[in-house]
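This report concerns only the one structure given below.
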Amino acid sequence: MNKEEFISSGLLELYATGISSPEESRLVEECLAKYPELREELNQIEISLENYAQANAIQPSALVKKKLMDKIFPEDKPQEGGAAIVTIQPPNSRLFIFKLWAAASVIFLLASIFLNYIMYHKYHDANEALQLARQKMDLQDQSNRALKEDVSVMTNKFAQPVVLSGTDKAPDAVAKIFWMKNTGQVYVDPTNLPQVPAGKQYQLWAIVDGKPLDAGMIKTEKGIYHIQKMKSFGKADAFAITLEKVGGSLTPTMDAMIVSTKL
Amino acid sequence: MPQILKYTEEELVALLKSNDKRAFEYLYDHYAAALYAVILKKIDDSALAEDILQEAFVKIWNHFSAYNASKGRLFTWMLNICRNLAIDTLRSKSFKNQSKIQRSEKAVDFISNNVNEKEKFDALGIRIHLDRLAHDQKQIVNMAYFEGFTQDEISKKLDIPLGTIKTKMRAAILALKKILQPYVE
């Protein structure tokens, strides 16, 4: 078979389309070796078929290429477009989450400071009220105890009440003495004495065998005049109260006698 | 040499022999769609066809040293790999069980609307002109080139004598060449 006969036989076309039998293929390859010009003829046939295939092309999904490239070049995976987006995104979202946390923390801190401020004020107010209540309770307790003492003195079965009447100096003044007959203890009730002038203090005297003896200073601090314990006397002829300088005098100032009695 | 190539075929082959990644990407970008269409002629299932396409390109990359330029063009070699993988899949037991074997007639007038727009190669324009190709000529080329039927099978299916296949194929390809010529030059 010469060159022209071979070309027109169609064997090259069968060979190019892949349907030549093994014998035909062998024959084609022999002829290709013998006539190198046939190679160009075959090349042209292949180009025509290739262009025909290209004209019928259908794009596969883009995922095929990505999967293929990942499979063949796995070491390049992080640098590839699709993956690059993934590597850029996490820092962004991490930054976003960090910002979110930071904002939440600041809000929490401010709220906490505000609440602390309110709570501190509430605590302060409550503490103040408590202190006041305690003080008030202490005072009440004090006066309660004093009152109890007063009552216990007045209701004592050995108590002998002695009334001291006002003198010319203070006609309205009254004082009371509770004299315990069993012990000789003297209590004085200054409730109805006039208010003591500044720098002065009431002093109780017991007249024993015609002589005035100091029976103790009467406490009237803070304006409270309550029954109080004085000195003890086994016997006494009379009692008197004089207005003396603070701390008392050795002998009574007679013209400053407020109340007195004779037993 | 189709105009769509930036590399000459010799350059591309030399780069692929040296395992050049960019050359491989170029190879995929320029031939995957044409090869995918070939696989789709045999495999009705596009997901399965894409798997075969991927497998074919892995094979092309891993066995590129087996390509012998003196025996034919690169595309012809790649098309054979794809066609054989598709046929192997069809023959595989698991595929037969799915009974998804495609009837050959279905693929004869196969035309796609989905082409790579970036390509200068005017596939749509060519397709319009390919309509000028006689139906039986298209059939014979498609069955042999795309679908890998044997001469015997083509003879039976198209009801033409075995001895005339050679001349009919030659006539068909000559007609193809005439139609495609303005787009290639």
Side-chain angles (χ1 to χ4, degrees), chain A residues 5-29 32-33 36 38-76 79-81, chain B residues 1-2 4 21 24-25 28-29 31-38 40 46 49-50 53-54 57-58 61-62 70-73 75-76 79-80 83 110-112 114-116 119 121 123 126-127 130 141 144-146 148-151 154 165-173 176-177 180 183-184:
Chain A
E5 281 172 343
F6 185 78
I7 289 171
S8 58
S9 73
L11 272 174
L12 279 174
E13 281 80 359
L14 289 191
Y15 184 77
T17 52
I19 59 167
S20 52
S21 66
E23 302 84 61
E24 286 167 335
S25 295
R26 213 176 304 121
L27 182 61
V28 169
E29 278 155 23
L32 282 172
L38 287 180
R39 196 165 292 283
E40 185 48 33
E41 187 65 27
L42 175 65
N43 198 43
Q44 287 306 317
I45 293 165
E46 283 186 81
I47 288 171
S48 294
L49 288 168
E50 191 173 322
N51 287 335
Y52 179 59
Q54 288 288 5
N56 285 297
I58 298 167
Q59 281 296 328
S61 119
L63 217 64
V64 179
K65 184 180 176 185
K66 203 201 166 300
K67 281 199 286 186
L68 176 70
M69 296 309 276
D70 286 352
K71 195 169 179 176
I72 295 183
F73 308 102
E75 69 279 4
D76 294 345
Q79 280 94 51
E80 263 165 29
Chain B
M1 201 58 162
I4 52 166
K21 186 194 167 189
F24 181 73
E25 241 185 303
Y28 182 91
D29 290 343
Y31 295 113
L35 295 171
Y36 181 56
V38 170
L40 277 175
S46 64
E50 284 180 347
L53 180 69
Q54 191 192 321
F57 268 95
V58 170
W61 175 255
N62 289 338
S70 71
K71 284 202 169 180
R73 291 178 62 80
F75 183 77
T76 309
L79 181 137
N80 274 317
R83 201 173 50 196
F110 187 91
I111 274 176
S112 159
N114 189 3
V115 280
N116 191 343
E119 294 185 356
F121 194 78
I126 293 167
R127 272 186 226 157
L130 280 173
V141 173
Y145 189 56
F146 291 152
F149 286 109
T150 63
Q151 290 185 59
I154 293 167
I165 288 179
K166 278 196 289 287
T167 48
K168 281 193 186 294
M169 187 68 85
R170 174 161 167 79
I173 292 172
L176 248 182
K177 194 176 175 181
L180 296 173
Y183 300 94
V184 178

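Note that these values count all heavy atoms, side chains included, but never hydrogens, waters or copies made by symmetry. So you know, we letter chains A, B, ... as the sequences are listed, proteins then strands, and number each from 1. All values derive from a computational prediction rather than experimental measurement.
With a 4.5 Å cut-off on non-hydrogen atoms, I154(B) touches chain A through its side chain but not through its backbone. Only the side chain of Y28(B) comes within less than 4.5 Å of a heavy atom of chain A; its backbone N, CA, C and O stay farther away. Proximity to chain B is limited to the side chain of K71(A), based on heavy atoms less than 4.5 angstrom apart.
Between R73(B) and E50(A) a salt bridge is recorded (basic side-chain N to carboxylate O distance below 4.0 Å). A salt bridge links E25(B) with K65(A): at least one charged nitrogen is closer than 4.0 Å to a carboxylate oxygen.
Between the R170(B) side chain and the I7(A) main chain, a donor and an acceptor come within less than 3.5 Å of each other. Judged purely by atom type and a 3.5 angstrom limit, Q151(B) uses its side chain to pair as donor or acceptor with the backbone of I19(A). A donor-acceptor pair under 3.5 Å is formed between the side chain of R39(A) and the backbone N or O of S70(B). With E13(A) contributing its side chain and K166(B) its backbone, the two residues share no donor-acceptor pair below 3.5 Å.
Across I58(A) and A37(B), no two heavy atoms sit closer than the pair N-CB, 3.8 Å.
One finds the CD1 atom of I173(B) at 8.0 Å from the CG atom of L14(A) (value rounded to the nearest 0.5 Å). Atom CG of L42(A) is separated from atom NZ of K71(B) by 12.5 Å, given to the nearest 0.5 angstrom. Once rounded to the nearest 0.5 Å, the distance linking NZ of K67(A) with CD of E50(B) reads 7.5 Å.
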